[in-house]
Amino acid sequence: MAAYLVRRLFLVLFVGVGITFVTFFIAQVVPTDPAVAALGENAREEQIREFRERYGLDRPLLVQYGIYLRRLLALDLGRSLRTGRPVAEDLKEFFPATLELSLAAFLVAVALGLPAGVWAALRQNRSPDLLVRLFALLLGSTPVFFLAILLLDVLHRQLGLLPGPGRLDPYLIPPPRVTGLVTLDALLAKDLAAFRDALHHLLLPAFVLGSASAALLARMTRAAMLEVLSQDYVRTAWAKGLAERQVVLRHALKNAALPILTLLGGLLGGLLSGAVLTETIFSWPGLGRYVTQSATSLDFPAVMGVTLLVGVVYSLLNLLVDLLYALLDPRIRYA
Amino acid sequence: MRRLARRFLRNPGAVVGLFLLLVLALVALLGPGLVGDPLEQNLLERLKPPSPEHPLGTDQLGRDVLARVVHGARISLGVGFGVVLLASLLGTAVGLLAGGLGGRWDNLLMRLTDVFFAFPSLILAMAIAAALGPNLGNTVLAVALVTWPIYARLVRAQVLALREREFVEAARALGAGQGRILLRHLLPNALTPVLVQASYEVGAAILTAAGLSFIGFGAQPPTPEWGAMVAETRNYMAEAPWAATAPALGILLTVLAFNLLGDGLRDVLDPRGR
């Protein structure tokens, strides 16, 4: 087990370095000079030279990459060309907003997708099943950016049911920053008004971001449940006269859990990077908006930092899922 | 083959998907010749609701929305097929080599695949598009570069399973070389799951590419690309909802068609995966 863990962590490390390598060399094909991009067309010759020296852009490529890796060991991700601040600082500032949004979207996806999938499987080929499948198909095919625009227009502008973009009403005093998750910070500060408002602001973007995942989860859960429900031991459980609740939860869902779990790990990771579009539309001050602005201004240290962070979190989540496997299924042993 | 076709046609979803796709293909092929100029502006006719003259209304520059949506069909289908063609070629090659060569090569290629798999795909696509310059060709390249690992894993798994089968052993016994076994015996048999995956991936690629265009990293205005059209018209949802809704419905129907087709193909070709 320990050896397995070490090997997997090593693999995460490898993937992380690989990600920086790929991003670094993508950065090199940029036809525009990043120094010119940062300083503007009218920058003087010596300004540009000084900028390139400061950020090490005048060194040979492999040397630049070597320096990047060495700094990475000390968790130094370099300086953003756009904000002028250390990338690590920027990530610390913007990651919590993305984390909050992704976790909320994940909850939405699980709360909608899991029961819908179970329900559909139990009523296979009858109207609940058809309804769930139709919805899942439609939600899974809808461009998330249009869903955001549409719901903002209807629920916010026309009906005024939900607040518009942003994380908190501008008239409210934000709770002191502890975790960076506004809902959690508001609770910690015992500021119920801020908590409710933050939750309201979170609702729409979380639904928009989580909808496609909910659709996917419903489809997968349905398929996994159907597989299990046709097994002999489930028929036995029914025949024994157990209550539906017992059969569904204890006998069926528990055994359908493995494929669902695999999907969940991937979903949460995918939500972190998929937040880009949702954040842009909802003016959500997270990594997605940060990386969009960074990519626009060819700020590659920042883009590398974000891809590295998201990629490593994604890999760690996958590792976690594999470990949970062993917990759920005693037959699985890692050596 | 005929039995498979009959089975495919018994699936109502698959038939709807196929029908939608045929309509879309016709629109993409013939439509642009039948509608007006998608770029022609008429500022006197801004944000007009649907009418006999403009069946889908006009946008904020007085352009005919129908003309733009029809031209967009050609673009989006082109992007979707382009991405899947590139990505499946690259992914299949990598998977075939990894599974066929085995050993150190397998390890190396699959770790490479891991790296690209863990990459936040939309962000990588943004970075590539930003680096190469935002335009449609680079969008295709960028989305293909983030989606090929799926095919690599699929094909490798197939090759590993098939390699031990008797027909491969027979080929080897007859003196077939490694290359011949890979290309003539393993590849054709490994392609079924690739086909199923590819039909889903066309839809997924269209969604990703539209998203990239929406945030400005893909097709640039005034190109009548569906994602870019939604971005251009999103601020007019209150006065002229048709201008953003029409291209969005275009995306939805196209992606839906490929998802239905994928479901249908999977049911026919891989009866286990239901």
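A note on names: the letters A, B, ... follow the listed sequences, proteins ahead of strands, and every chain is numbered from 1.
The contact between B:T245 and chain A is made by backbone and side chain atoms together, counting heavy-atom distances below 4.5 Å. No part of B:F258 comes within reach of chain A, as not one of its non-hydrogen atoms sits under 4.5 angstrom from that chain. Using a 4.5 Å cut-off between heavy atoms, A:L287 makes no contact with chain B at all. Neither the backbone nor the side chain of A:S294 comes within contact range of chain B, judged by heavy atoms closer than 4.5 Å. Heavy atoms closer than 4.5 Å to chain B are found nowhere in A:F21, neither backbone nor side chain. For B:A238, the parts lying under 4.5 angstrom from a heavy atom of chain A are both the backbone and the side chain. Proximity to chain B is limited to the side chain of A:S315, based on heavy atoms less than 4.5 angstrom apart. With a 4.5 angstrom heavy-atom cutoff, A:L272 does not touch chain B via any of its atoms.
Closest non-hydrogen pair, A:F145 versus B:G227, comes out as CZ-CA, 4.1 Å. Minimum interatomic distance between A:F146 and B:A248 (heavy atoms only, all atoms of both residues): CG-CB, 3.2 Å. Across B:N259 and A:G140, no two heavy atoms sit closer than the pair ND2-O, 4.2 Å. When all heavy atoms of B:A118 and A:V15 are compared, the pair lying nearest together is CB-CG1, 3.5 Å.
For the pair A:L138 and B:L252, the minimum side-chain heavy-atom distance is below 4.5 Å. Taking 4.5 Å as the limit, every side-chain heavy atom of B:M126 sits out of range of all side-chain heavy atoms of A:V303. Between B:F214 and A:T280 there is no side-chain heavy-atom pair separated by less than 4.5 Å. Using a 4.5 Å cut-off on side-chain heavy atoms (C-beta onward), A:I19 and B:F119 make contact. No side-chain heavy atom of A:T23 sits less than 4.5 Å from a side-chain heavy atom of B:L124.
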Practice prompt. Test A:L152 against B:M237 for side chain to side chain contact (heavy atoms under 4.5 Å, CB included), laying out the working first.
Written response: CA-CA 10 Å; A:L152 265 178; B:M237 272 302 276; over 6 Å; no
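The residues B:D263 and A:R219 are annotated as salt-bridged, a charged nitrogen and a carboxylate oxygen being separated by less than 4.0 angstrom.
No more than 12 heavy atoms of other residues, nucleotides or ligands lie within 6.0 Å of CZ in A:F135, so this atom counts as exposed by the packing criterion. Annotation: A:F25, atom CZ; neighbour count of heavy atoms from other residues, nucleotides and ligands within 6.0 Å is above 12.
In this structure, CG in A:L277 is found 5.5 Å from CG in B:L122, a value given to the nearest 0.5 Å. Here the OG1-CD1 distance, from A:T292 to B:I123, works out to 8.0 Å after rounding to the nearest 0.5 Å.
Between chain A and the options B:I215, B:L253, B:T208, the largest number of non-hydrogen pairs under 4.5 Å is found for B:I215. Comparing A:V310, A:V22, A:L150, A:L11 by heavy-atom pairs within less than 4.5 Å of chain B, the highest count is held by A:V22.
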